[in-house]
Amino acid sequence: VQLQASGGGLVQPGGSLRPSCEATGITLPYFAMSWFRQAPGKEREGISCIDSTIMTGSGSTYYADSVKGRFTISRDGFKNTVYLQMHSLEPEDTAVYYCATEILSSCRGVGRADDMGYWGKGTQVTVSS
């Protein structure tokens with residue numbers, strides 16, 4: 001299983017970005033996928049998760065309070081890719097963003113870093129004027 005995150009960058013406060021996470025060796029629609037982030041000097045935190053659409057029938061999504069209403073997680077089964085659409089970005093959103101999975105079909109909230117079995121290399125998001 002390999003996960004490759006990309007799509008980060010430098011954006012001004014209030015701007016938008018859409019990191020993506022492409023998977024190989026795993027069929028994403030069968031598994032829950034999470035996004036995490038880690039800011040300098042802070043622990044890695046779960047920010048969003050999406051259930052398997054095929055296995056749960058719902059594809060429910062979950063968000064940390066810090067991003068709820070601003071971020072949207074989605075999945076493209078044909079491209080085997082998960083996205084994190086981020087709007088209204090704030091300097092506090094500056095972090096390295098990672099995708100991950102614990103190879104389950106349902107999320108357990110936004111997920112805990114210790115439970116994840118596979119990680120992608122992170123993509124840097126910097127929000128600054």
Side-chain angles (χ1 to χ4, degrees):
V1 176
Q2 289 190 331
L3 304 174
Q4 181 64 54
S6 61
L10 173 64
V11 64
Q12 292 185 342
S16 300
L17 281 174
R18 193 182 75 154
S20 62
C21 174
E22 183 176 4
T24 55
I26 182 176
T27 304
L28 286 189
Y30 285 90
F31 300 100
M33 291 295 299
S34 291
W35 281 96
F36 287 75
R37 67 184 181 185
Q38 187 166 21
K42 295 188 177 180
E43 293 187 355
R44 194 170 296 190
E45 63 167 335
I47 56 173
S48 187
C49 186
I50 183 168
D51 282 341
S52 161
T53 306
I54 292 176
M55 302 302 288
T56 68
S58 64
S60 295
T61 57
Y62 305 84
Y63 299 94
D65 288 343
S66 58
V67 305
K68 197 174 295 182
R70 300 187 298 123
F71 291 10
T72 302
I73 189 171
S74 63
R75 173 172 41 223
D76 184 328
F78 292 104
K79 294 182 178 179
N80 217 33
T81 298
V82 173
Y83 302 95
L84 186 69
Q85 179 68 59
M86 308 189 296
H87 292 301
S88 302
L89 284 163
E90 305 165 351
E92 293 74 21
D93 295 315
T94 296
V96 179
Y97 284 69
Y98 301 89
C99 55
T101 181
E102 56 178 314
I103 312 293
L104 296 177
S105 58
S106 298
C107 298
R108 294 193 282 183
V110 295
R112 298 191 317 151
D114 288 346
D115 292 333
M116 298 296 122
Y118 296 95
W119 291 89
K121 291 185 179 180
T123 184
Q124 176 70 46
V125 171
T126 302
V127 184
S128 175
S129 55

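- A pairwise comparison of heavy atoms in Met55 and Ser52 identifies N-OG, 2.9 Å as the closest pair.
- Contact check for Trp35 versus Glu45: no side-chain heavy atoms found under the 4.5 Å cut-off.
- Atom CG in Leu3 sits 9.5 Å away from atom CG in Asn80 (nearest 0.5 Å).
- Contact annotation: the side chain of Tyr63 never approaches that of Ile47 to less than 4.5 Å [non-hydrogen atoms, C-beta and beyond].
- Side-chain contact annotation: Arg75 with Thr53, donor-acceptor N/O pair under 3.5 Å present.
- To the nearest 0.5 angstrom, Cys99 atom SG is 9.5 Å from Ile73 atom CD1.
- The aromatic rings of Tyr97 and Phe71 lie tilted to each other, with the angle between the two planes from 30° to 60°.
- A distance of 6.5 Å separates CD1 of Ile50 from OG of Ser74, quoted to the nearest 0.5 Å.
- For Phe36 against Ala113, the heavy-atom pair with the smallest separation is CE2-N, 3.4 Å.
- Listed for the Ser66 side chain is no donor-acceptor partner under 3.5 Å among the backbone atoms of Ala64.
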**Asked** What do the steps show when you test Arg37 against Val125 for side chain to side chain contact (heavy atoms under 4.5 Å, CB included), and what is the final call?
**Response** CA-CA 9 Å; Arg37 67 184 181 185; Val125 171; over 6 Å; no
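- With hydrogens and angles left out, the side-chain atoms of Thr126 and Ser128 include no donor and acceptor closer than 3.5 Å.
- Contact between Cys107 and Gly109 at its shortest, heavy atoms only, is CB-O, 3.3 Å.
- In this structure, Arg108 contributes its side chain and Leu104 its backbone to no donor-acceptor pair below 3.5 Å.
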**Request:** Assess whether side chain to side chain contact (heavy atoms under 4.5 Å, CB included) is satisfied between Leu89 and Gln12, documenting all intermediate values.
**Result:** CA-CA 8 Å; Leu89 284 163; Gln12 292 185 342; over 6 Å; no
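- Residue Met116 places its CE atom among more than 12 non-hydrogen atoms of other residues, nucleotides or ligands, all under 6.0 Å distant.
- In this structure, Met86 and Val11 have side chains that are not in contact, with every pair of non-hydrogen atoms separated by 4.5 Å or more.
- Taking 4.0 Å as the cut-off between side-chain N and carboxylate O, Arg112 and Glu102 do not count as a salt-bridged pair.
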Just list the side-chain donor-acceptor pairs under 3.5 Å for residues 13-34, sequence neighbours left out, or say none.
| unit_1 | atom_1 | unit_2 | atom_2 | d |
| --- | --- | --- | --- | --- |
| Ser16 | OG | His87 | ND1 | 2.8 |
| Ser20 | OG | Ser6 | OG | 3.4 |
| Ser34 | OG | Val110 | O | 3.3 |

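- By the neighbour-count criterion of 12 heavy atoms within 6.0 Å, atom CD of Gln2 is sparsely surrounded, having that number or fewer from other residues, nucleotides or ligands.
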